[in-house]
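Remarks on the structure that follows.
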Amino acid sequence: MSNSSSLNEFILLAFTDARELQLLHFSLFLGIYLAALLGNGLIITAVACDQHLHTPMYFFLLNLSLLDLGTVSTTVPKSMANSLRGTRAISYSGCAAQVFLIVFLFSAEYSLLTVMAYDRYIAICRPLHYETLMGSRVCVKMAAAAWGTSFLHALVHTATTFSIPLCQGNTVDQFFCEIPQILKLSCSDSYLREVGLLVVSGCLGFGCFIFIVLSYVQIFTVVLRIPSEQGRHKAFSTCIPHLAVFSLFVSTSKFAYLKPPSLSSPALDLVVTVLYSVVPPTVNPLIYSMRNKELKDALRKVISWTFFSTGNIAIALHK
């Protein structure tokens, strides 16, 4: 391969070459994918249909579930299809699409988690100003800013990455296309432009991380001063799920990219990538619904309505 213009496809890293294990991998990923679709789909439906959940916190949660659905749908189906067909190939355009969507969705999710931390800070630390500072128009603008800036961010990174000449083969050491693995195939100093962009993005991400940490320091300071145990429990129940989701998202992704080279190996890299790209979108709905009574009640209504409608359809078809 002399350069990127001659590439028609990339070869992804396979979980295994044994046919039986490939089918096992397909089955496991199918179960994970269906669980992610079900969990996030239920949250989206519950928030959209239940008037009691038409608040800023649940509006942002709906956006988060949409992003989680997009994230898991970008990587898992292609990996499943490759395992089922016993192949490792992905087209050049498919690889570029994966890079764009991964950067877009992860950037938007990180931005949204930052906005959600701000929402919790205003709700607990400045409750008298909450309606003013977190009105419906403000929430829509913040969500739109998260999606819009992430789209531009992904567009710049994807265009820069795939403008770099590639001459180190076409094998990507990951089960989906990601920028660091594509850069390993470069054969000129042009990749330094993308490295510079990644450093800038990392600095912005670190700024968001500091903002979230400082927000929760102030939140917990205020919550611990609440005199009633019931009040503290209610405040914690709205903050802990978000903090758990944020911690899972950050810890897995940071370990994947910042772990010491001595710990790096194809098998470990594969496992860690699954942890940060597949596990969070699947378990996020569970985390948010465990300690949230309002969301649990709304989910029960959605599930009951689904079974009731399915039963009526079955009866009608039987007649």
Side-chain angles (χ1 to χ4, degrees), residues 36-37 39-74 96-126 129-160 179 197-198 200-212 214-216 219 238-239 241-243 245-246 249-250 253 277 280-281 284-285 288 292 295 298:
L37 290 180
N40 288 289
L42 283 173
I43 285 184
I44 292 169
T45 305
V47 174
C49 297
D50 195 321
Q51 293 289 333
H52 296 95
L53 301 184
H54 290 182
T55 64
M57 182 176 74
Y58 293 110
F59 170 74
F60 294 130
L61 180 57
L62 183 148
N63 279 263
L64 186 67
S65 292
L66 288 172
L67 291 171
D68 284 338
L69 278 180
T71 300
V72 76
S73 297
T74 299
Q98 273 197 342
V99 167
F100 172 80
L101 288 172
I102 285 295
V103 176
F104 167 55
L105 293 166
F106 273 89
S107 298
E109 182 152 348
Y110 198 48
S111 299
L112 197 64
L113 288 171
T114 306
V115 171
M116 292 172 79
Y118 175 74
D119 170 66
R120 291 299 84 205
Y121 166 77
I122 297 299
I124 293 174
C125 299
R126 303 183 64 184
H129 300 88
Y130 186 76
E131 295 294 333
T132 303
L133 296 175
M134 298 301 295
S136 57
R137 289 186 179 181
V138 175
C139 292
V140 170
K141 287 179 181 179
M142 287 194 290
W147 286 78
T149 55
S150 298
F151 180 88
L152 295 176
H153 178 242
L155 196 63
V156 170
H157 276 290
T158 305
T160 304
I179 291 176
L197 287 173
L198 289 174
V200 172
S201 298
C203 292
L204 293 174
F206 183 71
C208 291
F209 174 80
I210 294 299
F211 175 84
I212 293 173
L214 291 178
S215 296
Y216 271 101
I219 287 171
T238 64
C239 296
H242 173 263
L243 190 58
V245 168
F246 170 72
F249 179 81
V250 170
S253 58
S277 65
N284 283 353
Y288 268 102
N292 193 312
L295 188 57

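These figures come from a predicted structure and were not determined experimentally.
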Taking the six-membered ring for Trp, are Phe106 and Phe249 ring centroids under 6.0 Å apart?
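Centroid separation for Phe106 and Phe249: below 6.0 Å.
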Looking only at heavy atoms, which two atoms of [X] and [Y] are closest? And how far apart?
X: Ile124; Y: Thr238; answer: CD1-OG1, 4.3 Å
X: Ala143; Y: Phe59; answer: CB-CE2, 3.7 Å
X: Leu69; Y: Ala36; answer: CD2-O, 3.8 Å
X: Tyr216; Y: Cys239; answer: OH-O, 3.5 Å
X: Ile219; Y: Ala117; answer: CD1-O, 4.3 Å

For residues [X] and [Y], determine if any side-chain heavy atom of one lies less than 4.5 Å from a side-chain heavy atom of the other.
X: Phe60; Y: His242; value: no
X: Val138; Y: Leu133; value: no
X: Tyr58; Y: Ile43; value: no
X: Leu295; Y: Leu61; value: yes
X: Met142; Y: Tyr118; value: yes

Applying side chain to side chain contact (heavy atoms under 4.5 Å, CB included) between Asp68 and each of Pro280, Pro281, Ser73, report the one that passes.
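Looking at Pro280, Pro281, Ser73, the match for Asp68 under the side chain to side chain contact (heavy atoms under 4.5 Å, CB included) is Pro281.
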Would you mind telling me which of Thr158, Thr160, Leu198, Leu197 makes a side chain to side chain contact (heavy atoms under 4.5 Å, CB included) with Ile179?
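So, applying the side chain to side chain contact (heavy atoms under 4.5 Å, CB included) to Ile179 and each of Thr158, Thr160, Leu198, Leu197, only Leu198 qualifies.
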Would the distance check show the side chain of [X] and the main-chain N or O of [Y] forming a donor-acceptor pair, the cut-off being under 3.5 Å?
X: Tyr110; Y: Gly205; value: yes
X: His54; Y: Ala48; value: yes
X: Gln98; Y: Thr74; value: yes
X: Ser150; Y: Ala108; value: yes

Could you tell me if His157 and Ser201 have a donor-acceptor pair between their side chains, going purely by distance under 3.5 Å?
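Yes - a donor-acceptor pair under 3.5 Å links their side chains.
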Aromatic plane relationship, Phe104 with Phe151 - under 30° parallel, 30 to 60° tilted, over 60° perpendicular
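Geometry flag for Phe104 against Phe151: perpendicular rings.
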Step by step, would you call Asp119 with Tyr130 a side chain to side chain contact (heavy atoms under 4.5 Å, CB included)?
CA-CA 8 Å; Asp119 170 66; Tyr130 186 76; 2.5 Å; yes
Distance (rounded to the nearest 0.5 Å) between Met57 CE and Leu62 CG
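It comes to 13.0 Å.
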Mind checking the CG-OG spacing from Leu67 to Ser111? Nearest 0.5 Å is all I need.
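Going from CG on Leu67 over to OG on Ser111, the span is 9.5 Å.
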